[in-house]
Amino acid sequence: MTLSPLSGMDFMAPSSLAEALAAMVAQPDALPMAGGTDVMVELNFDRRRPPALLDLTSVPELTELSTVDGMVRLGAGVSYTRIISSLGTVLPGLAMASRTVGSPQIRNRGTVGGNLGSASPAGDAHPPLLASDAVVEVASVRGSRDIPIGSFFLGVKRSALEPDELITAVRVPQATGPQQFAKVGTRNAMVIAVCSFALALHPHRRTVGTGIGSAAPTPRRAPDAEAFLAGELDWAGRTPLAGGVATRFGELVAAAASPIDDVRGSAAYRRHALAVLARRTLSWAWHDYRQQRGA
Ligand SMILES: Cc1cc2nc3c(=O)[nH]c(=O)nc-3n(C[C@H](O)[C@H](O)[C@H](O)COP(=O)(O)OP(=O)(O)OC[C@H]3O[C@@H](n4cnc5c(N)ncnc54)[C@H](O)[C@@H]3O)c2cc1C
């Protein structure tokens, strides 16, 4: 591992996961850094001044990408650009969300591991991971463990990660049906979501997954909306959506949120927009599902 002083701040660059985990113990105040697109903003604005940075970009285990038995294992250090180019058909919801992140430069550097590490309610990767029942793999010198995505977010920018743990990967079931992601922002790019919504249809088990972003202290699902929709969809016949289903689904998604008023939007607007996003993503996903008949 290289260690160099950087204006009073140590810079550690481990070259294996074992070295990185050992460094988390040797220097507990070190701040892990993957793409640095959140970390560097915090340093530049003097919101954080850690005694050391732990650069994870030379840890090969974190950039692995594999699919085994229908499960995609996405290393924590895989960039959005790679997700877009490699996973568009197997994880369409996450790929759609990745396309909306920042700019090409941010997508080249930014990672899903970093998005989870920041645990912002507005992180764009979170709603599709919730809708797909992803599992977050974390590790420390004590061993590794799995955290279901639904248990990962504890509060605003707080997660279930222990201080000595690193996120190593995310496991996401390969899509078995249509997935959608939609986001409202004040412009089309380089914007934090006012609110966002992900939908995944799971026809093999006739269930529905949802994920709400930027409309509660943490990203969260809309369980009542999921149960309602799963019971209303004509999975076998693929007939058009019955009247009122999309509207009720939108209402239940909006009811699951607990947004606040802030500079990006009012709570009332966020609830309204979420209902619209839920209706829209449902109509797109159901249209896709009907088109796939016999495919
Ligand atoms: C101009 C700009 C536009 C942006 N637009 C968007 C957007 O549209 N949507 C969006 O969601 N985000 C956006 N972001 C935020 C940022 O790009 C994302 O959150 C990104 O996913 C962070 O990834 P990273 O690899 O750069 O994380 P880093 O900045 O390296 O790290 C972020 C946090 O995660 C921790 N961390 C990183 N890797 C690990 C690990 N393996 N284990 C444990 N902790 C870890 C770090 O310690 C830090 O706390 C934007 C940022 C900028 C600067």
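Each ligand, and each atom within it, is numbered from 1 in the order the structure gives.
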Item to check | Heavy-atom side-chain contact between T111 and N115 under 4.5 Å | outcome: no
Ligand 1: which protein N/O atoms lie under 3.5 Å from its N/O atoms?
| residue | atom | partner | partner atom | Å |
| --- | --- | --- | --- | --- |
| ligand 1 | 5 (N) | G102 | N | 3.4 |
| ligand 1 | 8 (O) | G102 | N | 3.0 |
| ligand 1 | 8 (O) | D124 | OD2 | 3.3 |
| ligand 1 | 8 (O) | K183 | NZ | 3.2 |
| ligand 1 | 9 (N) | D124 | OD2 | 2.7 |
| ligand 1 | 11 (O) | N115 | ND2 | 3.2 |
| ligand 1 | 11 (O) | D124 | N | 2.8 |
| ligand 1 | 17 (O) | T37 | OG1 | 2.7 |
| ligand 1 | 19 (O) | D38 | OD2 | 2.7 |
| ligand 1 | 19 (O) | N115 | ND2 | 2.9 |
| ligand 1 | 21 (O) | Y80 | OH | 2.6 |
| ligand 1 | 21 (O) | T111 | O | 2.8 |
| ligand 1 | 21 (O) | N115 | N | 3.3 |
| ligand 1 | 21 (O) | N115 | ND2 | 3.3 |
| ligand 1 | 23 (O) | T111 | N | 3.2 |
| ligand 1 | 23 (O) | T111 | O | 3.4 |
| ligand 1 | 25 (O) | G35 | N | 2.8 |
| ligand 1 | 25 (O) | T111 | N | 3.2 |
| ligand 1 | 25 (O) | T111 | OG1 | 2.6 |
| ligand 1 | 26 (O) | G36 | N | 3.1 |
| ligand 1 | 26 (O) | T37 | N | 2.8 |
| ligand 1 | 26 (O) | T37 | OG1 | 2.6 |
| ligand 1 | 29 (O) | T37 | N | 3.2 |
| ligand 1 | 29 (O) | D38 | N | 2.8 |
| ligand 1 | 29 (O) | V39 | N | 2.8 |
| ligand 1 | 30 (O) | A34 | N | 2.6 |
| ligand 1 | 30 (O) | G35 | N | 3.3 |
| ligand 1 | 30 (O) | G36 | N | 2.8 |
| ligand 1 | 34 (O) | G114 | O | 3.3 |
| ligand 1 | 41 (N) | I167 | O | 2.9 |
| ligand 1 | 42 (N) | I167 | N | 2.8 |
| ligand 1 | 47 (O) | P32 | O | 2.6 |

Checklist entry - Taking the side chain as C-beta and beyond, is there a heavy-atom pair between R49 and M9 under 4.5 Å? => result yes
Checklist entry - Does the cation-pi check pass for R99 over Y80, that is, NZ or CZ under 6.0 Å from the six-membered ring centre and within 45° of its axis? => result no
Item to check | Heavy-atom closest contact (S132 atom, A200 atom, distance) | outcome: OG-CB, 4.5 Å
Checklist entry - Aromatic rings F153 and H126: how do their planes relate, parallel, tilted or perpendicular, breaks at 30° and 60°? => result tilted
Checklist entry - With distance as the sole test, does D288 use its side chain to make a donor-acceptor pair with the main-chain N or O of Q291 at under 3.5 Å? => result no
